[in-house]
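Have a look at the structure below, then the notes.
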Amino acid sequence: MMDSPNTLRRSTALDEATVLNNYPGRYPTEDWTARYWTVTERGDLAQRQVTVQLPQGFGDVCTPVAVGRAGCVRVVRRWGFGCYPEILNEIDFDFTPLLSNPDDDAEWLAHYFGVVTFDLPGYFVIASPTHPFLLYDPDGVLKGSYTEWRTHLGALSYIVGGLDVGFVGLQVEDDRLYQQALGYLLQAVGSLRCGH
């Protein structure tokens, strides 16, 4: 099943960003840590870490998880990740400071997701069993993870050929074939760089 084109858009986050907050200074926050992997334009893997500022009290209602369990993480995409916005209901989050028109449902919905959705630094964020996305609360407790988005091979297949395939299943079921395909695509990326 193909994803919406929006899932494969480029991130808008500055590559040098270290702290992320979509509404700085608009409500009390707590510092979470996102650890994740990206694939660079050259096809290389890069491990990244940023501070993500979620609303105060978010960590109190999210339970610890093991790697591979989503916990509070709803989705990971090429551009970043999003937590479950329903958690905002659990902490009685006040949207009033964000709304220019309290009766505008579309504006409220944009903020409902905007408070918990973040573009991350990096060319292509991946999340697979071997390169999981991990989200830690302010105490360093793992409260969210994601392993079902794109593998290194999945990112390369999009970069090289525009293919919208994750290859998580192939990596789990036949690692030998996965590694072979990865080698071919790394060569292809190298050829693109050299202009061949």
Side-chain angles (χ1 to χ4, degrees), residues 1-13 17-24 27-39 45-93 95 109-155 158 164-169 171-172:
M1 184 169 131
M2 291 197 48
D3 287 310
S4 143
N6 186 51
T7 64
L8 289 162
R9 68 170 173 80
R10 292 281 302 271
S11 173
T12 60
T18 57
V19 179
L20 304 174
N21 184 329
N22 295 330
Y23 303 92
Y27 47 81
T29 61
E30 52 190 39
D31 290 349
W32 288 56
T33 301
R35 292 188 186 138
Y36 60 101
W37 293 84
T38 65
V39 175
L45 282 171
Q47 194 166 18
R48 307 290 297 256
Q49 177 175 311
V50 293
T51 297
V52 177
Q53 294 186 324
L54 285 162
Q56 198 167 56
F58 211 80
D60 295 339
V61 298
C62 299
T63 56
V65 296
V67 176
R69 298 290 180 186
C72 64
V73 176
R74 180 178 66 88
V75 69
V76 171
R77 293 295 181 251
R78 175 187 180 168
W79 44 263
F81 80 102
C83 290
Y84 284 99
E86 296 87 346
I87 297 168
L88 298 173
N89 303 337
E90 295 180 46
I91 62 171
D92 295 321
F93 182 78
F95 286 92
L109 190 62
H111 295 318
Y112 186 62
F113 285 96
V115 170
V116 296
T117 303
F118 298 88
D119 279 31
L120 293 171
Y123 179 67
F124 199 119
V125 176
I126 61 172
S128 68
T130 52
H131 300 100
F133 174 87
L134 304 171
L135 187 64
Y136 297 88
D137 76 4
D139 294 324
V141 178
L142 184 66
K143 295 285 181 78
S145 77
Y146 205 89
T147 59
E148 299 293 324
W149 166 233
R150 293 289 183 270
T151 60
H152 189 186
L153 177 62
Y158 184 77
D164 184 6
V165 183
F167 292 110
V168 171
Q171 186 178 38
V172 171

Tell me if a side-chain donor or acceptor on [X] pairs with a main-chain N or O of [Y] at a distance below 3.5 Å.
{"X": "Asp137", "Y": "Asp139", "value": "yes"}
{"X": "Thr151", "Y": "Gly166", "value": "yes"}
{"X": "Trp37", "Y": "His152", "value": "no"}
{"X": "Trp79", "Y": "Ala13", "value": "no"}
{"X": "Arg78", "Y": "Leu8", "value": "yes"}
{"X": "Asn22", "Y": "Gly114", "value": "yes"}

Hey, could you give me the [atom1]/[atom2] distance between [X] and [Y], rounded to the nearest 0.5 Å?
{"X": "Arg77", "Y": "Arg9", "atom1": "CZ", "atom2": "CZ", "value": "11.5 Å"}
{"X": "Phe93", "Y": "Phe58", "atom1": "CZ", "atom2": "CZ", "value": "10.0 Å"}
{"X": "Phe113", "Y": "Arg74", "atom1": "CZ", "atom2": "CZ", "value": "5.0 Å"}
{"X": "Arg35", "Y": "Gln49", "atom1": "CZ", "atom2": "CD", "value": "4.5 Å"}
{"X": "Phe81", "Y": "Phe133", "atom1": "CZ", "atom2": "CZ", "value": "4.0 Å"}

For the residue pair [X] and [Y], establish whether any side-chain heavy-atom pair is separated by less than 4.5 Å.
{"X": "Lys143", "Y": "Pro64", "result": "yes"}
{"X": "Tyr23", "Y": "Gln53", "result": "no"}
{"X": "Ser11", "Y": "Val125", "result": "no"}
{"X": "Val115", "Y": "Pro85", "result": "no"}
{"X": "Leu120", "Y": "Arg48", "result": "no"}
{"X": "Ser145", "Y": "Leu134", "result": "yes"}
{"X": "Ile126", "Y": "Tyr36", "result": "no"}
{"X": "Tyr84", "Y": "Glu90", "result": "no"}

Write down the atom of [X], the atom of [Y], and the distance for their closest heavy-atom approach.
{"X": "Gln171", "Y": "Pro129", "value": "OE1-CD, 4.0 Å"}
{"X": "Cys72", "Y": "Ile87", "value": "CB-CD1, 3.6 Å"}
{"X": "Ala66", "Y": "Leu142", "value": "C-CD2, 4.0 Å"}
{"X": "Ala155", "Y": "Arg150", "value": "N-CB, 4.4 Å"}
{"X": "Gly122", "Y": "Thr38", "value": "CA-CG2, 3.9 Å"}
{"X": "Val168", "Y": "Ser128", "value": "CG2-CB, 4.5 Å"}

For the CZ atom on Arg69, are there more than 12 heavy atoms of other groups (residues, nucleotides or ligands in this structure) within a distance under 6.0 Å?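 Open.
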By the definition side-chain contact (heavy atoms from CB on, under 4.5 Å), identify the one residue from Val61, Leu54, Asp60 that meets it with Ile91. Val61
Could you walk me through whether Cys83 and Trp32 satisfy the side-chain contact (heavy atoms from CB on, under 4.5 Å) test, starting with their C-alpha distance in whole Å, then the side-chain angles of each, then the deciding distance to 0.1 Å, before giving a yes or no? CA-CA 12 Å; Cys83 290; Trp32 288 56; over 6 Å; no
Which residues pass the ring-ring contact (aromatic ring centres under 6.0 Å, His included) test with Tyr146, not counting sequence neighbours?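 With neighbours one apart ignored, the set is empty.
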In chain order, what residues pass the side chain to side chain donor-acceptor pair (under 3.5 Å) check against Thr63, with sequence neighbours excluded? none
Could you go through the side-chain contact (heavy atoms from CB on, under 4.5 Å) check for Tyr112 and Glu86 one step at a time? CA-CA 9 Å; Tyr112 186 62; Glu86 296 87 346; 3.9 Å; yes
For Asn21 and Tyr27, run side-chain contact (heavy atoms from CB on, under 4.5 Å): C-alpha distance rounded to whole Å, both residues' side-chain angles, the deciding distance at 0.1 Å, then the answer. CA-CA 10 Å; Asn21 184 329; Tyr27 47 81; 4.1 Å; yes
Do the side-chain N and O atoms of Asp119 and Thr12 include a donor-acceptor pair separated by under 3.5 angstrom?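 There is such a pair (donor and acceptor under 3.5 Å, judged by atom type) between the side chains of Asp119 and Thr12.
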Could you walk me through whether Tyr123 and Arg10 pass side-chain contact (heavy atoms from CB on, under 4.5 Å), step by step? CA-CA 7 Å; Tyr123 179 67; Arg10 292 281 302 271; 3.4 Å; yes
